[in-house]
Structures are given as structure tokens and as C-alpha cells.
Q: 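I am attaching a structure below and will ask some questions about it afterwards.
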Amino acid sequence: MDNILKPKSSSSFQIKWIMLIILGGVLPFIFLGDPYVLILLCTTEISIIAVSGLDILFGYCGQISLGHAGFYCIGAYTSAILSRNLGMPVFITIPIAGFFAMIIGILLALPAAKLVHHFLALVTISFGEIIYLFVSQARGLTEGYTGMNFIPRPKIGGIIFTSNTSYYYVIYGILVILLALKQNLVASGTGRAFVAIREDAHAANGMGINITKYKTMAFAISAFYTGIAGALYAHLIGFISPETFTSNQSTLFLTMLLFGGMGNFWGPIIGSAILVIITEFLQKLGSYQMLIYGAILLLVIIYIPGGISKGLNLQLFFKKSKRGKIAC
Amino acid sequence: MFTQVLVGAIAIGSIYGLVALGYSLIYTASGLMSFVQGELLMLGSFMGLTFYKYLKIPFYFALPLTMGCLFLIGVIIERYIIRRLQKAKTNLIFIVVATIALSIILKNFAMLAWGSNVFQFPPIFSVSLLKLGKVRIQPESIMAIVIALLVMIILHLFMTKTRLGTSMRAAAQDPIAAKTMSINVNRTTALTWGIASMLTGVGGILIGPIYGVSAEMGTLIGTKGFAGAVIGGYGNMYGAIVGSLLLGIIETFMAAYVSSMYKDFVSFFTLIIFLIFIPRGLFKGKVYGD
Amino acid sequence: MRLKKGLAVILCIFAIASMNVAAQDVIKVGFYGPLTGPMSLSGIASRQGAELAIKQINANGGVIGKKMVLVPYNDNSSPEEAVKVVTRMITSDKVHCIVGSLHSGNILASAPIVEKYKIPEIGVGTSPTYLQKGYTYIFRCLANTATIDIQIGKTIKELNYKKVGALGLSDEYGKTGVEDVKNVLDSYGIQLIAEWFNPGDTDFTGQLTKLINSGIEALVAYGTDSYQGPIVKQARLLGFEGLIFGPESLSVPSVLEVAGKYSDGCVFGTSYIVPSKPEEAVDKMQQDFFKAFVAEFGKMPESQTAMRCYDAVMIFAEAIKRANSLNGTAIRDQIANLHDFRGLAGTFDFRGGNGEGIRESRMFAIKDGKYILLSEFLKSYKK
């Protein structure tokens, strides 16, 4: 499907990467530090991380997940509880949240790795629902439906990242690192194993790839990414409550992946950006907002089946090789 | 108290059963999970309400009228959306997302068309309450159980005794072989969706008089119907009914005798246990495409 | 491909351009509430109330020589949306005051922003929590549920009940509410048994049967608007004949519609109530309001939330007039000292220091399908 075997070596190629990183870095200044736009940018970044996680599991390894909001939720609440209730520094609670989500991901993989298609989807749906029900009911831990507020922003030394612009850069740093790691992953042997499982699990098995091990890894890594995203979200808004983490959120992640294209670097980025822009536009429509959103979603699925990044062919912009050399 | 709870449990279980039947039928015919069933139930409920309350059509006409409308809607969805996506070889999961998109559209359409309130059916029977000894039952609950049962029996007879029903089953089991027997697979698939939607619509018009009609009602019932189908064996018609009744009973009794807070928790937990240990469900449904 | 890229760029420019800054010679009143989702009917009604108030104010020449303009946003009952839209309305649209969401959780989520930018907000959600966190720029213009809960408890005690049941929605509204009532009843030595249901539930048979069988003398129904009607109906159908108490969510028209004749015997507290005709309103001021509302929108408001926002805008207008300034802190200070201003809810007194404007709620009961004052109802009520 996509070119994952080509090494990145050309210098013009690396210049493009650097340009990209700089562009992301100056975005806040283009928008003059407007706090509202910055919230949107931060939300986009967080979505990119979360959707990249989903991409690893679904785009590369072919395992359906309709319950990824569960990991998002776990990451958010873990980091919120540790930082607000126990006073731990945010820069520590975020990775802990990611690792805790990863552990849950491994636990989920225990039954999930054995199932395929619809049964896998059902397990992930149930997982998402159970996490939602848990955080709603466990009032002593999570304050239930009331939600948790006063979730702090991270701080280093004496500097607190209160402004949205400063927090944007915190997320940005994490984003760049995680995306680079993802690219490494997909180019590595593990990544190739994922794709092999996605394309034909039985054949992969026959070639000696341990399906259970790699599926579990995919779940674990995916959960880690989305968990980190959840934690970053909690500290961005400063308030979380169970209603954010319903199946609608899982669907939203999947939609972003759909819009942007799966199994490639750009998919999550484009998908998140487009969806955030679309939802802000729909604000103007007041009560018709959700109806139009559903209609747009349906139309995109029907008319742009491969996802928008396929249509834009941004892949080629960034890869040195010619079309013929792309492995499918 | 026991009888009261039991009647309530069987009534809601029957409704879940109708929804679950829809899921199983669609899965068998198209190999898909459709997430729009819950909203079709809601639509059936609203249509029934509109016919019976606002257009003053007698209930025994309103029921088949609603069924007919839902049948058409089901066929249209299959013909113009699902089939088109399948032809374009869209990834299965995105067809599922398409049904999710449909459900969003239907739910919000209902909210805009009818409002976000809870609406009530005018009474269908002249008594609003049946008293049998200490037990009080709404006649609408009995009607729900009876009609649901009737519908299931008719469906069973249709599927096994008629040519059309048998060719639908054949097409679902093996489309290519069916085609060689000159069965029009396209038509039978469309029919299956139509019937599935119709069943769910019936569920809607039966449950409306008991609990009220609202744009939100489809979501939870849809999910429970799903669970019922899985517990009974996804893809197996009889399993869908049994699984749903079981779910209705577990749920209602749990709420009545143990704790109402964890009602939904129990449903999903049961679902997960089944998925982990008995994924084929009680009646060994098809594990499609494994 | 080029076309699609170009389209993307144009979209971005559009996005930026649409966040424009408008002129300063109008008074911008921000508004956010659930315009979509299950509370949309109440949300839309609340916006209409605000619109009516602004229209009337502008027809009278505006405030300090300026017209008022509503800047409405949909928060879709989501805290994240609330944070986004409140940030947007303050930093991009530069509103001078905000009429806050029905959804108390959203007010809580966006409170830090309002506080930081010093823009006064009058919340129209009834949960006590958002005024308990120490924010100084947030107020409320109606009786909160804590007030009503105390009055419910008192009434139960006056009727000499010993054992009471409660059916609550397991969200913030229901949980806090039932807890409040329980605390009040505990202090009187009255037993309260609580059962719960989750958002989305429509069937309360199990819970109600359990409560009825344990011999409760009265029921407290603590759900949000759309659940109350079904709870009342199902309770009555299961044979419960005692009084059914509830907060202001029991005052919604849908209770009468859903439960019909079974709604007799409902008792609730509310600052506002929507009768079936303007002439049946409790006082002249409300009558005038309803007449104007019907003239503007064609029918009575779907929910009393319209009255909440009407009062909120009126309070802002009064505060701005007295402050003779659009400065947020100046407006805020005026509201904090307001004690002689009359609105639909009664006479406001914000001097308590915690932002609450109304401290006591009127209590009503339903008899023969009509709303009457509780005091009237109790005169003819026999246990």
C-alpha cells in the first residue's frame, strides 16, 4: 500500500522535513498568538498524536478499534489525578499516563489479539463503554459526572506554561518526537511485521511471525500514543468529565483517520487539521451543526474512498522515489 | 414484585430481540455491522407517533404503515449507500463509519423535525392499566410481547417455508453459489436490509407507548440489541432472540434486586465475557471471514 | 491535486478572516448554551429569552446610549466546546458580558477563562457547584438546587413522613441533588432510600418497584427535564400514590404532557414557571413577559430557561447603566452590590458575596393538571 521500505537518505528530502518542522513551529506567530486559535492548534496537535496511535494499530497492523476513546480517557484521568490530587509534576504524570494506558492496552490485547473483524470491533466498543462507565461511576477516584477541574498546566523550575502559545510548544515538542518514533517503527522489522499481519495474517503466521506478540505490541504502542494525547488534553482544557470520552470520540478519531488516509505519515496530520477546521465552521450553523457534520462524513466516505491524503498525493511530495518504486 | 419485574424484563427483551434480529440479518446478508439500527428504531417510533397521534390514523393501520416506510428506508440505504460502497471496495470499517454517519444524520434530523423532548403516545387501549391480583401491567407491554413474538414467528416461517425466504438464506450463505441457481443476490440483499429495518421499526412503535419517544432513545437500545445479538450468536436469528431476552432479564432483575447504578455496566461486562470466552455466542453464530 | 491544495489554503484564510473584530459602539452580550443535543429545546428557548430582552432594551434606546447585540454560540453540552467558545467570544469577539450555559459543567470548565479576562458571567445552570469554587466574576440569577432541596426537605418534614425514596439521574445534577436532600432529611431523622438510573435509560420499573415495595411515603424524582415525565408516569402506573417531589426540572411542560392526569401530586420548587397561557402567570411582570414572547416567537416558551436568560440580560443592562461603563470589573462590582432590582424570578439580592442572586424559591404543586402554589395545595391535601 505505501512505501515503507525506502530509506530516507536524500538531502533535498531532509530539507523538506526541516521546512515542515519550522512551519509547525511558527504557526502560533502566523495567527498572532490569538488564544482561541491556539486552542484549536493545540487540539489539532493532540488529535494528531491520538490518531497516529490509532494509525499504528489500524492503518499499519489492520486491527480495528472502535473504542480508542478508552485510552484517551485513561491517559487524561491518570495524568489529572496524579498531578492535581497527588501534586506530581505534570512532565512526569504525562509519561506515566501513557505507560498506564499502554498496560491497559496490553490487557485488552489478551482477548483482542484472538479476534478479528467484527468481534474485534465489538470488544473494542465494549472496552470503550466500560472505561466510560467506570470513570462515570467511580466518584471517589474521578469525581464521576461532575468532572475534575483545576487540572494544572505543566511547569519547569518557576515557569508555568499557562498561555496557550507556550503550551502549544510543549505539545509540539512531544508531537515531533512521537512522529519521528512512529516513522522509525514503521520502517523497522516490527513495522514490516505489522503490515504483513494486516495484509494476510495467515501467511504472516506461516512465515514465522508471532501474530499474538506483534498484535499485542501494536495495541500497546497505540494505547501509549493515545494515552499521552489524553493526558495532554486534560492539561490543555483544565477540566475533564466522562462525557468527553464517549463513543463519539472514538468515532471522531476514526473519522480523522478516514479523512486523512491510513497507514502513512500524513494521514493523521491532515485528517486532524481538516476535522478541526470543519467543526469550527459548523459552529455558525447552530442547531444544524451535527446534522451537517453527519452529512459531510457520509459524503466523504462515499465520494473520497481513499481518504484525502491519497487524493492530495502529499506522499510523493515528500518521498524521493518515483511512483514506480512504491511497494504496495 | 417478581411478576412485575419479569413482565418488564420480557417486554424490553423482546424489543432488544427485534433490534438484534435486524443486526443478525444484515450481518448474514452483507457481512457488515450496521450502526444505524438504533436510529431506525427511533425513526419507527416517531413515524408511528406521527401517524397515530398527529394524523389520527388508527393504530392497527399505523403499525403496518410504519413497517412499510421503514422497509423502504432499509432498501434505500442498502441500494444507494451500502452497495455503492461495497462496489468501490471501500474498507469494511469505513462502511461501518458510514452507518455511524447515517445514525448521526437520522438522530439530528429527528431532533430538528420533532424536537428534543420526550413525546407520548396517546393511549392505544381503553384501559391504561391491567390489574391481575397485585400485579399491575401496562397493556402496551403485553402488546409488545405478543406482537414481537408474532413477528418473529412470521419471520421464521417466511425464511424457512417460502421460496423467497429460502433464497435469501442461500444468498447470504454463499452468494456465488446462489447466483448460479439464478437467485438475484442484489435483490435478496436489499430485501434483507428492508426486513431488518422493518423489524427494528416495529420495535420502535411497540416501545414508544411504554417509555415515550425521543430522539435519544435509539442509541442505548441499539447498543443493547447489539449485545443481545452477540450473546446469542452473531448472525444466528434464534440466538439473537434468546440472547436479547437473556440480556433484558439480567438487566432488569439486576436493577430491581441488586443495584440500579450498575445496570449498563452489567450489560457490557456480560458482553465482554461472552466475547472473550464464547465469541460465537450461545448458538454458535458465524465468525465471518476468519 | 492543485485544486484541492488551493481549496485547503482558501479554507484556512476563511477561517482566519471569519474571526474578525467588530466595532466598539455596541454592547456585546456573549451567550453559550446547548443548541444541539438532548437539551437543545431548553437551549434554544434560553437563547430566545435573551434575544427578547435585548430587543426590548434596544427598543427603549439601549443602555448608556448603545445598542445591545447577542453573540450566541453552541456548546453542544460539551465542556471542551464551552472552553473553546468562551475563549473565542472573549478574545476574538470581545464581548462585554456573558450569559452562561444551562449546563453547569460547562460553566465550571470555562470559569477560569472568564475569571482571567475579568468578564462578568451570569450562569443559568442550577447546580450549586460552580459558585462554590471561589470565582468572583460568576453569578447566578435564579434559585440553585441546594435552595430548593432544603425546601423539599422542610416540606417532607412538615408532612410528617418517616421514610422517603429517591430516584436520581447518576450525573452531577442528580447525584448532588439527591445528596443534598438526603443531608437535609438526615438532620430531621427522616430515612431516604436512593436508587439511580443512567443517562439514556427510559425504563425505571426495577428501581421504582424496589422503592415502592420498601414502603416509601413520598418519592423524590431527581432527573433532568426529559426524564421527569416518564418517572412520574411509571411510578403512578406501578401504583405509587404519594407525593412526588422534585427540583425545577419537575416544572417542565413535558411532565404534564407525558404523565397527564398522573402528574397530580407533584411538588417542586422553581424560580420560574411556564403556564399554558400568559393570563395564568403568577404576576403581572411575568404576564407581560409571556405576552411579549408570544408576540415575538409565536408561542409560549418551550422551557422556563427563556426566563432565566431574560433576567440575566436585564441584570446586565441595569449593571452597565449603573456603572456607566463597559469595563468588566465595573459591571461585576455593580452586580455584586445589586439588591433592589426586580426580575421575573423576584427581587435580586447579590450581596451575599458568593454570586447567588435569589435565595429562596417559590414552591408549586400540580393539581387537576394545573400549577398552584404549594401553600394552596397543602390546604386541601389529605395524606
Side-chain angles (χ1 to χ4, degrees), chain A residues 58-59 62-66 108 110-112 114-134 136-137 139 201-202 246-248 250-252 254-255 257-259 262 287-307, chain B residues 23 27 31-33 35 80-81 84-85 88-112 116 219 223 226-227 229-230 234-235 261-277 279-281 285-290:
Chain A
F58 183 44
Q63 303 303 298
I64 301 173
S65 171
L66 282 167
L108 179 63
L110 289 176
K114 289 186 270 190
L115 302 168
V116 286
H117 299 312
H118 309 95
F119 297 92
L120 179 59
L122 279 168
V123 160
T124 57
I125 293 173
S126 307
F127 167 71
E129 292 291 329
I130 287 200
I131 298 292
Y132 167 78
L133 286 171
F134 178 73
S136 320
Q137 304 295 346
R139 284 186 99 206
H202 287 301
T246 60
S247 57
N248 289 336
S250 297
T251 310
L252 186 62
L254 205 53
T255 306
L257 200 54
L258 161 77
F259 271 51
M262 310 192 293
S287 320
Y288 292 90
Q289 190 177 353
M290 293 308 290
L291 182 66
I292 306 284
Y293 168 69
I296 293 180
L297 186 52
L298 190 62
L299 290 172
V300 166
I301 295 180
I302 296 182
Y303 290 108
I304 317 182
Chain B
Y23 282 128
Y27 183 63
L32 288 182
M33 292 195 302
F35 275 81
Y80 292 107
I81 300 181
R84 186 189 176 132
L85 290 173
K89 297 208 195 310
T90 316
N91 191 316
L92 209 64
I93 192 65
F94 293 128
I95 306 188
V96 172
V97 177
T99 63
I100 295 180
L102 264 175
S103 77
I104 295 177
I105 294 175
L106 287 176
K107 186 176 357 185
N108 281 279
F109 168 75
M111 260 195 250
L112 289 166
S116 65
T219 322
T223 319
F226 224 4
V230 171
Y234 211 81
M261 256 198 327
Y262 294 102
K263 191 164 107 160
D264 290 334
F265 210 82
V266 162
S267 311
F268 284 108
F269 209 67
T270 313
L271 179 61
I272 283 208
I273 298 288
F274 265 83
L275 282 170
I276 299 176
F277 297 111
R280 287 177 187 240
K286 284 200 310 197
V287 180
Y288 204 85
D290 197 359

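Residue numbers start from 1 in every chain, and the chains themselves are labelled A, B, ... in the order their sequence lines are given, proteins ahead of strands.
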Q: Using 0.5 Å steps for rounding, measure from the CD1 atom of B:Ile104 to the CG atom of A:Leu298.
A: 10.0 Å

Q: With rounding to the nearest 0.5 Å, note down the distance linking CZ in B:Phe94 to CD1 in A:Ile302.
A: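 Nearest 0.5 Å value for the CZ-CD1 distance: 14.5 Å.
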
Q: With a 4.5 angstrom heavy-atom cut-off, could you sort out which part of A:Phe58 is near chain B: side chain, backbone, both or neither?
A: side chain

Q: Looking at every non-hydrogen atom in both residues, tell me the closest pair between B:Ala101 and A:Gly294 and how far apart they are.
A: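 Shortest heavy-atom separation between B:Ala101 and A:Gly294 comes out as CB-O, 3.7 Å.
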
Q: Any idea which heavy atoms bring A:Tyr288 and B:Leu112 closest together, and the distance?
A: CD2-CD1, 3.5 Å

Q: Let's test your reading of the structure: which of A:Ile130, A:Leu297, A:Ile64, A:Thr255 forms the most heavy-atom pairs below 4.5 Å with chain B?
A: A:Ile130

Q: Using the side chain to side chain contact (heavy atoms under 4.5 Å, CB included) rule, take A:Ile125 and B:Phe226 through it: C-alpha gap first, then chi angles, then the decisive distance, then the call.
A: CA-CA 11 Å; A:Ile125 293 173; B:Phe226 224 4; 4.2 Å; yes

Q: Can you tell which part of A:Leu66 gets under 4.5 Å to a heavy atom of chain B, answering side chain, backbone, both or neither?
A: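 Only the side chain of A:Leu66 comes within 4.5 Å of chain B.
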
Q: Find the one option among B:Val97, B:Leu271, B:Val96 whose heavy-atom pairs under 4.5 Å with chain A are most numerous.
A: B:Val97

Q: Given a strict heavy-atom distance threshold of 4.5 Å, which part of A:Leu133 is in contact with chain B: side chain, backbone, both, or neither?
A: both

Q: Which atoms of B:Leu32 come close to chain A, meaning under 4.5 Å heavy atom to heavy atom: side chain ones, backbone ones, both, or neither?
A: backbone

Q: If you round to the nearest 0.5 Å, how far is CD1 of B:Ile81 from CD1 of A:Ile301?
A: 10.0 Å

Q: Among the options A:Pro111, A:Ser126, A:Ala112, pick out the one with the most heavy-atom pairs lying under 4.5 Å from chain B.
A: A:Ser126

